[in-house]
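Below you'll find the structure, written out as structure tokens, and then a few comments.
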Protein chains: 2
Amino acid sequence: MASIREVAAEAKVSPGTVSKVLNERGNASISRATQARVREAAERIGYHPSSIARGLAGMRMNAIGVVMAYDEESLTSDPYLGPCLDGLLSIYKQERQKVTLFLEQNWDAALQNIPFYGDGHCDGLALIIPRTTHPIVDTLRSQRPHLPFVLVGDSREGEGLTCIDLDNVSAGRMATEHLISLGHRRIAAFQGNADFCSNDQRFKGYRDALASAGLPYDPEIVYPGVYFAESGVENVRRMQKQFTGDNRSGRPSAIFCFSDSIAFGALEALRKYDIHMPTEISVIGIDDLTTTAQQRGLTTIRQSVRSIGQRAAIALLGLARGEITPGFRDLQLPELVLRSSTVALQQ
Amino acid sequence: MASIREVAAEAKVSPGTVSKVLNERGNASISRATQARVREAAERIGYHPSSIARGLAGMRMNAIGVVMAYDEESLTSDPYLGPCLDGLLSIYKQERQKVTLFLEQNWDAALQNIPFYGDGHCDGLALIIPRTTHPIVDTLRSQRPHLPFVLVGDSREGEGLTCIDLDNVSAGRMATEHLISLGHRRIAAFQGNADFCSNDQRFKGYRDALASAGLPYDPEIVYPGVYFAESGVENVRRMQKQFTGDNRSGRPSAIFCFSDSIAFGALEALRKYDIHMPTEISVIGIDDLTTTAQQRGLTTIRQSVRSIGQRAAIALLGLARGEITPGFRDLQLPELVLRSSTVALQQ
DNA sequence: CTGAAAGCGCTTACAG
DNA sequence: CTGAAAGCGCTTACAG
């Protein structure tokens with residue numbers, strides 16, 4: 001790699017002048033002739049500036065970092081991380097930004113590694129689904145000097161937090177309202193991980209919808225869990241045990257699963273217990289994991305994770321360039337996808 | 001971020017001394033007392049060195065670049081790129097290296113961007129399946145100063161090229177020998193993209209196997225194509241047209257598809273033409289795209305792309321650290337996976 | 001309109 | 001055993 005000094009020598013100017021010309025800094029104050037000479041010399045030598053030298057001199061690196069915590073062996077096949085990363089990458093590719101991946105085993109490891117994120121490599125950070133229970137976001141926020149960052153798949157409230165996510169409250173409300181509109185009055189909630197921001201928000205949407213419809217909220221039919229199929233299986237079993245014999249009549253006529261995965265587990269378990277879906281019980285999910293959801297006829301609330309990734313990339317770019325201010329929120333509107341797993345309450 | 005100067009001030013030594021202690025350079029020549037004082041000061045201040053400053057001073061960046069060209073909209077779902085990236089990432093994660101993704105639309109764009117790869121960000125590069133027809137590898141090789149790089153999914157011959165790949169010649173030979181062992185004597189070859197190194201190699205394996213068995217090589221039943229299902233469909237059609245009427249008897253009794261995707265296309269087309277598989281024609285692929293190959297009962301030659309990614313990561317790390325020398329080759333042994341799409345030649 | 005100088009935060013011979 | 005100095009390749013006030 002030729003250095004700026006060689007260009008300077010070649011063009012018979014000082015390195016400072018080369019820098020100004022190539023960065024279009026002193027634009028007006030440099031003679032056309034010199035500019036031409038510099039550009040031509042740079043071209044001839046095949047000069048390309050050292051990004052780390054520019055970075056050290058205080059310029060932008062044109063690189064952003066993506067922080068993900070996952071303990072699974074596969075990143076690319078994760079139903080959230082995969083599409084989300086695809087979305088981010090599609091934008092950075094197009095904007096010709098470098099992307100540095102910070103792959104962490106978990107958020108504790110990420111917390112330990114914050115110094116590496118801020119060591120000069122990157123202009124900003126995208127955190128994919130940090131957990132609300134985890135201090136990483138607060139630590140990052142109080143970091144000096146401040147490294148711009150956006151939260152992806154997380155839309156907690158918080159001073160100066162930039163968030164890109166599904167509008168989870170609306171999604172929870174929409175799912176619940178759909179069931180209510182079909183005449184259901186006892187609607188179970190199969191929750192996801194308690195440490196995900198989305199879980200609280202979807203739950204809030206659920207309660208809001210019940211309240212608006214004047215329906216009672218019954219904590220007995222709210223089932224904590226995780227965002228995986230096993231949790232759907234487990235909670236159907238729990239519900240089945242709970243509403244047996246005399247209690248049989250109290251059994252919910254619909255289940256709002258906080259994710260499609262949970263719903264798939266629930267469908268499987270319902271089949272095992274010979275509870276007919278949808279005549280005996282309706283099921284709705286959130287996500288629209290398209291292929292599978294379509295195959296199984298799951299009514300669900302769609303979110304486009306890929307597009308969330310894209311919007312996050314755009315927001316982070318804006319943040320790093322100072323074009324948008326921290327605190328910007330971009331929540332994707334949910335969309336109801338009607339299939340066959342939800343039907344009107346059978347009298 | 002505190003700088004090395006603050007640590008120096010805190011420990012009442014010079015910055016140079018701090019550097020030596022923290023990098024364990026002058027280890028022996030620095031008093032235990034000073035070492036302790038420096039470490040303690042660094043700890044107290046929460047010092048973390050600037051990676052770009054170290055890079056500029058000639059140290060390793062602990063970051064490697066991954067170059068991929070893809071025009072599809074999704075990287076993570078690509079059947080080769082996805083698992084390969086997963087494999088690479090799993091190693092870098094464990095080795096605590098940063099990974100910078102260079103996402104290119106195509107290899108021409110990659111060629112243009114070589115200066116960015118070598119601008120100080122990375123210690124080395126992994127190129128995922130560069131095309132043999134493309135000058136990027138030669139350009140990279142003649143670059144000064146030289147940036148270490150490995151070829152992933154490409155094992156062309158070439159002075160000083162470090163390659164990690166499936167042993168494609170063996171794979172081609174194994175597939176063909178399997179068919180020969182079943183009594184087949186007219187074996188069609190459905191090739192992949194001509195600009196992939198693997199295509200030539202698999203083809204070589206095919207011809208080698210025929211030669212070893214004393215079978216004639218017939219260019220009439222070698223079908224150029226691409227590594228996609230459509231190509232399998234298209235080539236069955238071509239073959240069908242070719243061996244109709246009087247020529248009917250010359251039709252191959254087996255097809256060696258250079259990828260599973262091609263094989264899936266071929267199976268589909270055979271069904272359409274009412275050619276019964278496997279009794280009328282046997283089909284073998286390469287890859288073992290497990291779920292689908294299993295569903296369709298495809299006999300195939302397995303390669304573990306994930307493990308190729310992992311080996312590539314390890315090789316690149318070794319190369320960047322100077323522990324292995326350019327020219328190192330690591331070829332994965334193929335493995336025959338028997339299913340129902342190949343049977344003994346029916347008399 | 002252009003250049004000399006200082007500085008970004010490190011490391012590494014070289015002196016002492 | 002430790003420090004002062006030069007250098008990595010840039011940019012940016014500041015002079016002139």
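Everything quoted here is computed from the prediction, not taken from an experiment. The chains referred to below are lettered A, B, ... by the order of the sequence lines, with proteins before strands, and numbering in each begins at 1. Side chains are part of it too, since the values below use all heavy atoms of this structure and drop only hydrogens, waters and symmetry mates.
The side chain of A:R54 approaches D:dC10 more closely than any other nucleotide in the set C:dT12, D:dC10, C:dC10. Of the candidates D:dG9, D:dC8, D:dA4, the closest approach to any side-chain atom of A:R5 belongs to D:dC8. Among D:dG7, C:dC1, C:dA13, the nucleotide with an atom closest to any side-chain atom of B:K20 is C:dA13. Across D:dG9, C:dA13, D:dT11, the shortest atom-to-atom separation from the side chain of A:S19 is found for D:dT11. You'll find that the side chain of B:I4 is closest to C:dC10, out of D:dT2, C:dC10, D:dC10. For B:M59, whose side chain is taken as the heavy atoms from C-beta onward, the closest listed nucleotide among D:dG3, D:dT2, C:dT11 is C:dT11. The side chain of A:T17 lies closest to C:dT2 when the candidates are D:dC10, C:dC10, C:dT2. Listed candidates were C:dG9, D:dT12, C:dG3. Nearest to the side chain of A:L56 is C:dG9. Nearest nucleotide to the side chain of A:T34, out of D:dG3, D:dT12, C:dC1: C:dC1. Of the listed nucleotides (D:dC8, D:dG9, D:dT2), D:dT2 has the atom at the smallest distance from the side chain of B:S29.
Distances shorter than 4.0 Å separate some side-chain N or O of A:S14 from OP1 or OP2 on C:dG3.
Per the geometry, CD belonging to B:E24 stands 17 Å off C1' belonging to C:dT12, to the nearest Å. Counting to the nearest Å, the P atom of C:dC10 and the CD1 atom of B:I52 are 10 Å from each other. Put simply, CZ on B:R25 is 16 Å from P on C:dC14, counting in whole angstrom units. When the P atom of D:dC8 is taken as reference, atom CD of A:E6 falls 11 Å away, rounded to whole Å. Rounded to an integer number of Å, the gap from B:I30 CD1 to C:dT11 C1' is 13 Å. For A:M61 and C:dC8, the CE to C1' distance is 13 Å, given to the nearest whole Å. Straight-line distance from the CZ atom of A:R32 to the P atom of C:dC1: 10 Å, rounded to whole Å. As rounded to whole Å, 14 Å separates atom P of C:dG9 from atom CD1 of B:I45.
Under the 3.5 Å distance criterion, with hydrogens and angles disregarded, no donor-acceptor pair is assigned to the side chains of A:D119 and B:S50.
Under the 4.5 Å side-chain criterion, counting only non-hydrogen atoms from C-beta, A:W107 is in contact with A:L127. Between B:F116 and A:N62, the closest side-chain pair of non-hydrogen atoms is not below 4.5 Å. In this structure, the side chains of B:L85 and B:V66 come closer than 4.5 Å at one or more pairs of heavy atoms. Two residues are said to be in side-chain contact when any heavy atoms from C-beta on lie closer than 4.5 Å; A:D165 and A:V152 fail this criterion.
The pair B:E157-B:R329 meets the salt-bridge criterion, with a side-chain N (NZ, NE, NH1 or NH2) lying under 4.0 Å from an Asp/Glu carboxylate O.
B:G58 comes within 4.0 angstrom of nothing in the nucleic acid, heavy atoms only.
Base pairing annotation: C:dA15 forms a Watson-Crick or G-U wobble pair with D:dT2, both donor-acceptor distances under 3.5 Å.
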